[in-house]
2 protein chains.
Amino acid sequence: MIKQFRGSPEEADLRRADSLAREIFSDVANKWAFLIIETLGERTLRFSELRNEVEGISHKMLTQNLRMLERNGLVERKVHPTVPPRVEYTLTEPGQALRATVDGMCGWTHQYLGHIEASRSRFDA
Amino acid sequence: MIKQFRGSPEEADLRRADSLAREIFSDVANKWAFLIIETLGERTLRFSELRNEVEGISHKMLTQNLRMLERNGLVERKVHPTVPPRVEYTLTEPGQALRATVDGMCGWTHQYLGHIEASRSRFDA
DNA sequence: CAGGATCCCGCCGGATACTG
DNA sequence: CAGTATCCGGCGGGATCCTG
């Protein structure tokens, strides 16, 4: 990504920004994060609701990814101090922005389902 | 995703399509695949060129992901029967379509870099 | 109900060596 | 140069138990 500015004073900053970008990319570009974002959509859901709707996710993976998303400011975590506790998750504005991308990928998947299935059959032969 | 059509004759097909979609999603929604797609862009690159440009990827991960992408019909693999061998990889049309999504995510990352960094600092405190 | 802590198995993925 | 095969350490992630 960085090819120019070799040795220039801006270089250090650019490298930092670049490595941070890569780090964020690694965090977020994972299957579970995407599915969570997609499931949340514009709704507000509780932990257990997410657990039920994101098919196949384990307790642990859900908490881990929610923490990660919260840390990066993509979801807001709201705790209601009741008993039993009630914790709600909502996409923030950056989260919503990313959701547009994830939506795009879902659309892509459905659009090319046929192509892909055919390609697989060809390849596996 | 599937809520309607319970018990209808279409149900089986829908379930298949759905599970296939999830499978594709799991395949493709991973860091290395994204970075490879992004790196390829509109160019045609050799194995070793990819290895150099996709920073930090190992030999093994590169081959694995290229195979996966080829199998799903996202990249075309062209072998030149010369010695030494020359193998070139190019995004197919479905691959290009997905690249649009990945590009979107890259843009997103850079756009919200500041927000995210700030959010992290807050969270880590 | 939300979620930390722990245990532990499986496989992910890096390093290395070998073929065409 | 591109790619397969093998080995193996580390951690990913599931299952389970425990708190507020």
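Lettering follows sequence order; numbering is per chain, from 1.
A/N65 has its CG atom 13 Å from the P atom of C/dG3, to the nearest Å. Here D/dG3 presents its P atom at 8 Å from CG of B/L62, a figure rounded to the nearest Å. The interatomic distance linking B/K31 (NZ) with C/dC12 (P) rounds to 16 Å, in whole Å. Rounded to whole Å, the distance from CG on B/N52 to C1' on D/dA2 is 14 Å. A/R77 has its CZ atom 8 Å from the C1' atom of C/dA2, to the nearest Å. With rounding to whole Å, B/L45 atom CG is found 11 Å from D/dA2 atom P. Note: CD (A/E49) to P (C/dG3) measures 13 Å, nearest angstrom. One can place CG of A/D27 at 12 Å from P of D/dG12, the figure rounded to the nearest angstrom.
Side chain of A/R46, nearest nucleotide from C/dC1, D/dC1, C/dG3: C/dC1. Checking C/dG3, D/dG20, C/dG20 against every side-chain atom of A/R67, the shortest atom distance belongs to C/dG3.
Across A/E55 and B/R22, no two heavy atoms sit closer than the pair O-NH2, 2.8 Å. Scanning both residues, A/F34 and B/A29, for their nearest heavy atoms gives CD2-CB, 4.1 Å. Of all heavy-atom pairs spanning A/L91 and A/I37, the tightest one is CD1-O, 3.8 Å. B/T90 approaches B/R43 most closely through the heavy-atom pair CG2-O, 4.0 Å.
Nucleic acid contact class of B/R51 (heavy atoms, under 4.0 Å, all strands): none.
Under 4.0 angstrom from either OP1 or OP2 of C/dA2 there lies no side-chain N or O belonging to A/T63.
Relative orientation of the B/Y112 and B/W108 rings is tilted, given thresholds of 30° and 60° on the angle between their planes. Below 30°, between 30° and 60°, or above 60°: for B/Y89 and B/F47 the angle between ring planes is between 30° and 60°, a tilted geometry.
Side-chain atoms of B/R99 and B/Q96 include a donor-acceptor pair closer than 3.5 Å.
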Each nucleotide N or O in nucleotides 13-15 of chain C that has a protein N or O under 3.5 Å away: list the pair and distance.
unit_1 : atom_1 : unit_2 : atom_2 : d
C/dG13 : N7     : B/K60  : NZ     : 2.9
C/dG14 : OP2    : B/S58  : OG     : 2.3
C/dG14 : O6     : B/K60  : NZ     : 2.3

